[in-house]
Structures are given as C-alpha cells and as structure tokens.
> 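If you scroll down you'll find the structure; I have some questions about it.
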Amino acid sequence: MKRVRVRFAPSPTGGLHLGGIRTVLYNYLFARQHNGDFVLRIEDTDQTRYVSGAEEYIFDCLAWCGLKPDESPLIGGEYGPYRQSERKEIYRKYAEQLVADGFAYYAFDTPEELEKMRHDLKTEQNPSPQYDHRIRSKMKNSLTLDEVEVKKLLDGGTRYVIRIKVPENEDLSFDDMIRGEVHFNTSIVDDKVLLKGDGMPTYHLAVVVDDYLMKISHAFRGEEWLPSAPVHVLLWKYLGWQKHMPQWAHLPLILGPNGKLSKRDALKYGFPVFAMNWTDPKTGELTEGFREKGFLPEAFVNFLALLGWNDGTEQEIFAVEELIQKFSIERVHSGGAKFDYEKAKWFNHEWIKLLPVASYQSQVKEIFAQRGIMISDERDFLKILALVSERCTFLTDFYDQSHFFFRAPLQYDLNAVKPKWNEGKKRFFESFIEEIRATDIWESAFIEDGFKKLAMMQDIKPGELQLPFRIMLVGGKFGPPVFDIATVLGKEETIERIQQALAAFA
RNA sequence: GGCCCGUUCGUCUAAGGGCUAGGACACCACCCUUUCACGGUGGUGAUACGAGUUCGAAUCUCGUACGGGCUACCA
C-alpha cells in the first residue's frame, strides 16, 4: 500500500496558485493510480494562521477541482492531527532527540547578533553568509558554550532555537523520480533552524517528522525545495528512519512571463493564477479565480496536468479518469513551463463543446441571475445553451452569446443596416410578418425556406435580407444562425421584434 | 557571489544514436458561412553556441552562454 502525501501551505496572503494545485493534482493522480491514500497536512504556522478562512478556501478550491483528500485534515484520523500547530510537542520531542544524539544543537544568538554576523562577514564574493560549520564555532550555541552555561541559559528561559549540525564535507545524493540522481556536498549546506524560538518547527523538521509518522511513501513538491533536500536527507538519516524515506519528485516550476508565476503577474497581465476568487482579509484586495472567470474544473485540471506532462501521444484532452490511468511521474518534465493563458482558454473552449450543456447549466444560470436575468424555463434554457455553446470560451460568454433570447434588443447596430436599407426591404419584412402569421409550422428549416422563397418573389437576394433580420432579432452582428434564433424566440416574439425594429430603422 | 536545476518553433511539447525534426495553442491565407463561431485545407516558425565521441548527434560527454530556483527563527 502506497501513501502519497501532499503538502501545501496557504501563503500569508492566502490564495492557492497554479503551481500548488498542480502539485496536489499530480499527488492525487499518483495516489489514485496506485490505489493509495491521498493525504493533506496543513501548515498553519504563525505566518499563515492569521489568514482567517484560508483553510476552508483551500478545501473549496480542491473540491471544485475534484481533488478531495481521503482523510479529512480538519477532523483528524489514524495519522492526525494534521495541523502543524497541533503537533507542536511531537516536533519538539524529535528536535530534542537530535540534540541528545549530537546531530543538532541549541543556538542562543539573538536576531541582532545574527544580523551583525551576516553584516560583518558579507563580502562581494559572499553576499549572504550562512550559519554553517565555519561560523558556528564563533556563535553563541551549545557547541561553543560549556554545559553549565547552556543549562543556565535554558533554565533561565532564554529564547533559543535548535539547529541541525550539518557535517563539514560529506557527499549526499538521493534519487528523484523526475531528475534521477541528484548530488550535493554538505559543505555548502547551512545549519538550518529546526525548531524556532516560539517552539514551532520549521518546514524542514515538520516535513520529515510528519512524513515518517504519517507513513508517507511518495512526496511530490515544487522544485524550489530542491536546494533544501540535503537537509531533509540528513534528518531522515539522523532520526534513524532512512529506510522509510519517501520517494521524492521535485516538480518543475510554473513560470510567468518573467520568472516564477506570481499574483503580480495575474494583475499585470490580466489572467487568473488562483483556482477561485481570493480576497486578502488584511488588504481586502480581490484576486480573480479561474472558476469565477468562467473556467470549467474539467478544463482547469486538464491544462494544469498537461503543463509539464504528456502521455507521449498527441492527445491533449483528458478527463480526470483518463489522467489517473495514463499519468506517469517519470514523464513529467524537468524544465519549468511558462503558463500560456491562450492555451488555457482553448482547453476551456474544448471542454465547453465537449460536455453536455446540462452539466454546467446551473453555473450559467447563476451567471445570468447575477446580470439580472432569471431563468424560468429550464428546457428552453438547455436548448439555447446548446445552440451557442460552440462559440463560448468562458462560461460567462454564454451571457453575451444568448442574453438576447431573454431580452429584446434595446438598440440596434444601425451602421450595419442603414446604408443598405430601402423601401423594398421594408416591404419584404412587412409581408414576411403576414406570411408567418398565417402559418402554424414553426421550425428553423421551414422558416428559412419561406423567407428565401418570399425574397425571390420580391426579387431581392435572400442573403441581403439575412443581416437585417439578424439585427432585428438580436440587435447586432452576433449569435447563432438567424433562423435558429427565430425558432427559439417563437412566432409572436419574432413578429414583435421585427415590428419594433422596422420602426427603429425608419 | 556560491550551490542546485534547466535549455527543441513566440508558447506547451514529441522524437531516448538513423526519414523532409511531428503535434497543439497563437498568428496568417484560403474554403465553408452574407453575423460571430465551429469545421476543413494550407502556410510562417525551433534543436542556444562551441568542441568532442560516432559511419551517423536534438539525443551521449565537456565547456560557454542564457534562463530559473535557493541562499530567513517563510513555506
């Protein structure tokens, strides 16, 4: 039985961005494929906890994408609690164990002292000096201080952190499922803080302890974690759990137009980077999400999965079930992928055409409601949606493409009619009204046939009458085939609109 | 600066030593359609550079360049 762990942290400003969701998605696909469990842990550190609603927001996003964890992280379960803040004592225990075993040490340096060290040692060649094996002997910690003094400081309640004691020159390597063997030398790794002054663990300690205790077998995370992987390997070793170390895969980054995709890019270039709308509770700033923009979750998941992965064929449209079947972590690219909004739109368009309109009608109904159109007749509504679906890229486009079915045009694109408008055409439409009044049949092909015959009889090319007819019915040069529109509108409404337009064209 | 990761059309990518380097998005043209789309046909467009290995390199090796990431008591 494999257990796949997914880890994510709401950033202090919240939001769940593309890279994060793709990581969750790959975890999910892998877990499902291997009949494993899909677990979330929550990193509600001091940095992130203040954001009220962030947890719920994340679950909502994942639910929208169809990525539900097997064990509710909020309730707990066999391996719970899942919230980092509720596991504080567990981490402390292991941190102390590391100190006792000589793999970590207490450090009493104040932030000011650290800053001074970094400032004093800063040179052009080394702009960011690290707390490492060269420096630790010059700092205030349990390696430099004698036992009595250390005890005094600890008993006296002096704020301290626990740092890992990274060996001076050791070659480390691990096998990455995407990149193969990755090598490091410990001489460039600094003595990372494991337990902070407030008693909370850093990511490094938490992730190792949790993965072990939660029996995680596979861990996928973003490439930005690659440089700290040696610290984690070391911890697995020092805690004596090396045999249980999960298999890692470091996913390539999703890039924006310049560098790692950011919320800034969303603002600057006008595309979403979050799954759903996110309002920063501190600033009140709203960042639009893919859902609200009018994306279907099917399309969202599809293009996200394909950003850095493909199955080796030319297939691009995949349903989740198909992704589960065909996904393979080994085929994930090692290079970062630039997010292409145009392509994302294409996926959405494809999915809108592909899915039966009934599967998203309620969302579209809501969009109409937001704009003041209440849908009463569901049957007609479905028909209308089907009529326009192929020209919609976003769910919101359904409004633009079909609002005229529910509201007669208030104004007309006169520029498109006027120049070629004349008495003959006016007479045509007058007689057309008479003709359709007299008939009982109301069906697209029949209307078209009658329309064209009448035009021929009056010696006008039918083509020249179609555009005016369209503008009469919808107000402009848009919408599905004009006789289909008339069919859906119904006889009475069609006559009324022609009459109204005739008056406006005069 | 150091370390790590990467580099095939503008973008996402296929091709794992052997065809004219294939597909998709975007763009352009034509066809269909007197709206807009959909659909169809075609087109522009790439192996970063330099060495090496080899009968043969996008593919393997090395160097250079470029891009990205990390370098916090953030994740």
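Chain naming here is simple, since letters A, B, ... match the order of the sequence lines and numbering starts at 1 in each.
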> What integer distance in Å separates A:Lys345:NZ from B:U11:P?
18 Å
> Taking only the P atom of each, what is the distance from B:G40 to B:A26 in whole angstrom?
13 Å
> Can you tell me how far P of B:C32 sits from CD of A:Glu390, to the nearest Å?
18 Å
> Need to verify one output field. Residue with the more 5' nearest nucleotide on RNA chain B, A:His183 or A:Glu448?
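Nearest nucleotide further toward 5': that of A:His183.
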> Whole angstrom is fine here: how far is it from CG in A:Leu255 over to P in B:U13?
10 Å
> Contact class for A:Glu464 vs. all strands (heavy atom < 4.0 Å): base, sugar-phosphate, or nothing?
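Answer is base: heavy atoms of A:Glu464 come under 4.0 Å of a base.
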> Under 4.0 Å between any heavy atoms, over every strand shown, what does A:Val161 touch: base, sugar-phosphate, or nothing? Just pick one.
base
> How would you list, by chain and number, every residue that makes a side-chain contact (heavy atoms from CB on, under 4.5 Å) with A:Gln466, sequence neighbours excluded?
A:Phe451, A:Lys452, A:Val482, A:Phe483
> Run the side-chain hydrogen bond (donor to acceptor under 3.5 Å, both in side chains) check on A:Asn141 and A:Tyr160 step by step: do they pass?
CA-CA 9 Å; A:Asn141 53 50; A:Tyr160 67 92; over 6 Å; no
> Using the P atom as the reference point in each nucleotide, state the distance between B:C3 and B:U64 in Å, no decimals.
12 Å
> Expressed in angstrom and rounded to an integer, what is the separation of A:Asp198 atom CG from B:A72 atom C1'?
14 Å
> Take the protein atom CG of A:Leu194 and the nucleotide atom C1' of B:C74, then report the distance between them rounded to whole Å.
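Going from CG in A:Leu194 over to C1' in B:C74 covers 15 Å.
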> Just call it for A:Gly463: base, sugar-phosphate, or nothing, with non-hydrogen atoms closer than 4.0 Å on any strand.
base
> Any side-chain donor paired with an acceptor under 3.5 Å for A:Arg221 and A:His250?
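A donor-acceptor contact under 3.5 Å links the two side chains.
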> What nucleic acid atoms does A:Asp109 come within less than 4.0 Å of, heavy atoms only: base, sugar-phosphate, or nothing?
base
> Quick one: salt bridge (Lys or Arg N to Asp or Glu O under 4.0 Å) pairs with a partner in residues 303-320 of chain A, sequence neighbours left out?
A:Glu316-A:Lys343
> Does a distance-only test, which skips hydrogens and angles, find a donor-acceptor pair under 3.5 Å between the side chain of A:Arg391 and the base of B:C38?
no
> Hey, is the side chain of A:Arg163 poking within less than 4.0 Å of OP1 or OP2 on B:C73, counting only N and O atoms?
yes
> Spell out, as yes or no, whether a donor-acceptor pair under 3.5 Å connects the side chain of A:Arg92 to the backbone of A:Arg87.
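Judged by distance alone, no pair lies under 3.5 Å.
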> Within the structure shown, what part of the strands sits under 4.0 Å from A:Pro480 by heavy-atom distance: base, sugar-phosphate, or nothing?
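Base: the residue A:Pro480, judged by heavy atoms under 4.0 Å, touches a nucleobase.
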> Can you check the A:Lys122 NZ to B:G2 C1' distance for me, whole Å?
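Answer to the nearest Å: 14 Å.
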> Given atom CG of A:Leu473 and atom C1' of B:U35, what is their separation to the nearest angstrom?
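Atom CG in A:Leu473 sits about 12 Å away from atom C1' in B:U35.
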> Distance check, P atoms only: B:C38 and B:A65, in whole angstrom units.
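Looking at atom P only, B:C38 and B:A65 are 46 Å apart.
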> Is there a donor-acceptor contact under 3.5 Å linking the side chains of A:Tyr91 and A:Glu96?
no
> Categorize A:Phe184 for me: base, sugar-phosphate, or nothing, with a 4.0 angstrom heavy-atom threshold over every strand shown.
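Sugar-phosphate only.
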> Under 3.5 Å, is there a donor-acceptor pair between the side chain of A:Thr487 and the main chain of A:Ser444?
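Yes; at least one donor-acceptor contact below 3.5 Å.
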> Decide whether A:Arg331 and A:Asn310 meet the rule of one side-chain donor and one side-chain acceptor closer than 3.5 Å.
yes
> NA contact type, A:Leu306, heavy-atom cut-off 4.0 Å: base, sugar-phosphate, or nothing?
sugar-phosphate
> Does B:G39 have OP1 or OP2 sitting under 4.0 Å from an N or O in the side chain of A:Lys353?
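Answer is yes, contact under 4.0 Å.
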> Considering only the P atoms, how many Å lie between B:G50 and B:A29, rounded to the nearest integer?
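These two P atoms come out 36 Å apart once rounded.
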> What's A:Ser128 touching, base or sugar-phosphate or nothing? Going by heavy atoms closer than 4.0 Å.
base
> Quantified in whole Å, what is the P atom distance between nucleotide B:C5 and nucleotide B:C62?
12 Å
> Over all strands shown, is A:Lys260 touching base, sugar-phosphate only, or nothing at heavy-atom distances under 4.0 angstrom?
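The answer is sugar-phosphate, as A:Lys260 gets under 4.0 Å only of primed atoms, P, OP1 or OP2.
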> Send over the distance from A:Arg331 CZ to B:G16 C1', rounded to a whole Å.
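Taking atom C1' of B:G16 as the reference, CZ of A:Arg331 is at 10 Å.
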> Search all heavy atoms of A:Trp309 against all heavy atoms of A:Lys326 and return the closest pair with its distance.
CZ2-O, 3.3 Å
> When rounded to the nearest Å, what value does the distance between C1' atoms of B:G45 and B:C25 take?
13 Å
> Atom pairs, N/O to N/O, protein against nucleotides 25-28 of chain B, distance under 3.5 Å?
{"residue": "B:C25", "atom": "OP1", "partner": "A:Trp346", "partner atom": "NE1", "Å": "3.4"}
{"residue": "B:C25", "atom": "O2'", "partner": "A:Lys343", "partner atom": "N", "Å": "3.4"}

